[in-house]
2 protein chains.
Amino acid sequence: MDTKLLIINIATKLFQQKGYIGVGLNEILKECGISKGSLYHHFPNGKEELLMACLHSLNEAITGDIKEIFEGHSTTKEATNAMIEKLIVNFEAEGTLSGYTFSSIVSEMASLSDSVRKACTKLYSEIQTIYFHKLVADGFTNEEASSIALMITASIEGAMLLCLMQKTMEPLQVVSQLLPQILETRRS
Amino acid sequence: MDTKLLIINIATKLFQQKGYIGVGLNEILKECGISKGSLYHHFPNGKEELLMACLHSLNEAITGDIKEIFEGHSTTKEATNAMIEKLIVNFEAEGTLSGYTFSSIVSEMASLSDSVRKACTKLYSEIQTIYFHKLVADGFTNEEASSIALMITASIEGAMLLCLMQKTMEPLQVVSQLLPQILETRRS
DNA sequence: ACTAAAAAACAGACCGGTTGGTATGTAGGA
DNA sequence: TCCTACATACCAACCGGTCTGTTTTTTAGT
């Protein structure tokens with residue numbers, strides 16, 4: 001049981017860094033220090049089953065993180081800024097923020113595997129749900145909250161892509177700076 | 001010379017759809033109806049040289065498109081909405097908007113090839129420059145314009161990722177609806 | 001408590017197929 | 001007679017996946 005968890009954790013990290021196709025089974029095996037027989041014992045349906053397990057694990061890790069931050073701040077504005085701040089700190093410390101996104105998996109697999117696509121959709125949907133509830137608590141209508149939650153997700157995800165590309169945290173900083181304007185809409 | 005262009009066009013399309021690693025040379029050759037010798041005649045340094053040529057071609061196509069739209073509208077607000085509208089129309093017509101993004105290439109290659117990463121950075125930078133000039137013409141200061149240009153890029157890119165994933169154009173519609181709030185900042 | 005059978009966990013050789021890349025050859029125009 | 005443009009055969013390396021065998025742990029019978 002411990003081995004299965006090890007495989008998931010390492011594979012998750014690799015998939016986030018290099019994408020699904022970009023990581024070979026042998027690389028995962030080597031990094032885990034296990035054999036092919038062991039992997040196929042825990043994941044009889046091979047690589048894609050492993051990916052699904054990784055996405056599931058990622059789901060809990062990411063939504064758990066975000067929930068914690070959003071419970072610790074009174075408004076969406078403060079919470080999102082704290083969240084982005086955490087991303088930036090992590091980026092400075094670890095030199096990457098690939099642990100907080102999986103856009104590489106999405107863009108690779110969206111057109112190839114429907115089940116993977118749906119799993120990713122579910123993940124983003126759960127993240128937006130957290131934003132949504134906080135926004136409603138802030139006084140926004142359901143429709144406004146839904147739109148704003150999507151906007152937050154899109155801009156942060158896009159900013160992370162730009163950060164990874166230009167190896168700067170400037171995009172996330174700018175987004176953190178401009179997002180409040182969206183959050184200061186007059187409520188109806 | 002015609003063959004080289006054919007290769008670039010088809011390879012560009014495939015790279016955008018499935019990413020760099022996701023497309024094999026054989027697939028490109030088959031789609032082009034040419035042989036391996038022909039490809040390596042035009043691109044002696046192989047796949048990565050072809051990718052660079054594709055990125056260059058993409059650069060001109062995308063920035064050309066955006067320039068045209070931005071010249072045809074008086075304000076940044078109108079232009080961005082028209083641009084997103086065009087994306088949505090294209091999405092409805094062709095069922096995909098992978099022709100307007102290359103996030104799959106970015107997220108795959110950002111950590112693998114520095115030259116590819118830099119080429120992508122240049123491309124995004126040129127796009128943001130177009131936004132920037134229009135924003136300055138709108139009356140924003142240089143710093144404001146720079147920030148807003150980045151925000152437009154990030155949110156649209158993030159929205160495109162979400163659209164491709166959930167096979168809906170809702171994310172782009174929402175972004176198009178909320179972006180004006182950023183563009184109505186009081187100018188200093 | 002001791003043991004033997006059964007099951008779970010793991011190891012490694014092997015498979016056909018595909019990968020990007022190379023080397024050699026040829027058709028055709030200048 | 002070159003040189004460009006293309007075609008073909010071939011290469012080692014690697015891909016995901018299967019197979020068989022071995023070790024380790026759990027379970028069951030006495």
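To find a chain, count down the sequence lines: A is the first, B the second, and so on, and within it residues start at 1. Fair warning: this is a prediction, and the values are worked out from it, not measured in the lab.
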Mind calculating the distance between [atom1] ([X]) and [atom2] ([N]) to the nearest angstrom?
X     : N      : atom1 : atom2 : result
B:K4  : D:dT4  : NZ    : C1'   : 13 Å
A:K30 : C:dA11 : NZ    : C1'   : 18 Å
B:E49 : C:dG20 : CD    : C1'   : 14 Å
B:L6  : D:dA5  : CG    : P     : 15 Å
A:L29 : C:dA13 : CG    : C1'   : 14 Å
B:D2  : D:dT4  : CG    : P     : 19 Å
A:L5  : C:dA9  : CG    : P     : 14 Å

Between [X] and [N], is there a contact of a side-chain N or O with OP1 or OP2 at under 4.0 Å?
X     : N      : answer
B:H41 : D:dA5  : yes
A:H42 : C:dC10 : yes
B:T3  : D:dA5  : no

Is there a side-chain contact between B:I28 and B:L50, using heavy atoms and a 4.5 Å cut-off?
yes

B:S74 versus B:E78: any side-chain heavy-atom pair under 4.5 Å?
yes

Collect all protein-nucleotide pairs involving nucleotides 25-30 of chain C in which both atoms are nitrogen or oxygen and the distance is under 3.5 Å.
none

Under 4.0 angstrom, heavy atoms only, what part of the nucleic acid is B:I34 near: base, sugar-phosphate, or nothing?
sugar-phosphate

Partner set under ring pair (Phe, Tyr, Trp, His ring centres under 6.0 Å) for B:Y40, not counting sequence neighbours
none

Applying ring pair (Phe, Tyr, Trp, His ring centres under 6.0 Å), name anything that partners A:Y124, two or more places apart in sequence or on another chain.
A:F102

Quick one: list whatever passes side-chain contact (heavy atoms from CB on, under 4.5 Å) with B:E71, sequence neighbours left out.
none

Inter- and intrachain pairs under side chain to side chain donor-acceptor pair (under 3.5 Å), touching residues 12-29 of chain B, at least two apart
B:K13-B:E31, B:K18-B:E27

Inter- and intrachain pairs under salt bridge (charged side-chain N to carboxylate O under 4.0 Å, His left out), touching residues 150-169 of chain B, at least two apart:
A:D114-B:K167

I need the full list of ring pair (Phe, Tyr, Trp, His ring centres under 6.0 Å) pairs touching residues 54-85 of chain A, with sequence neighbours left out, sorted by first then second residue.
A:F70-A:Y131

Linked hydrophobic residues, A:F132 as query - side chain contacts closer than 4.5 Å:
A:V136

Report, as a single string ordered 5' to 3', how protein heavy atoms within less than 4.0 Å touch nucleotides 12-22 of chain D: B base, S sugar-phosphate only, - not at all.
---SBBB----

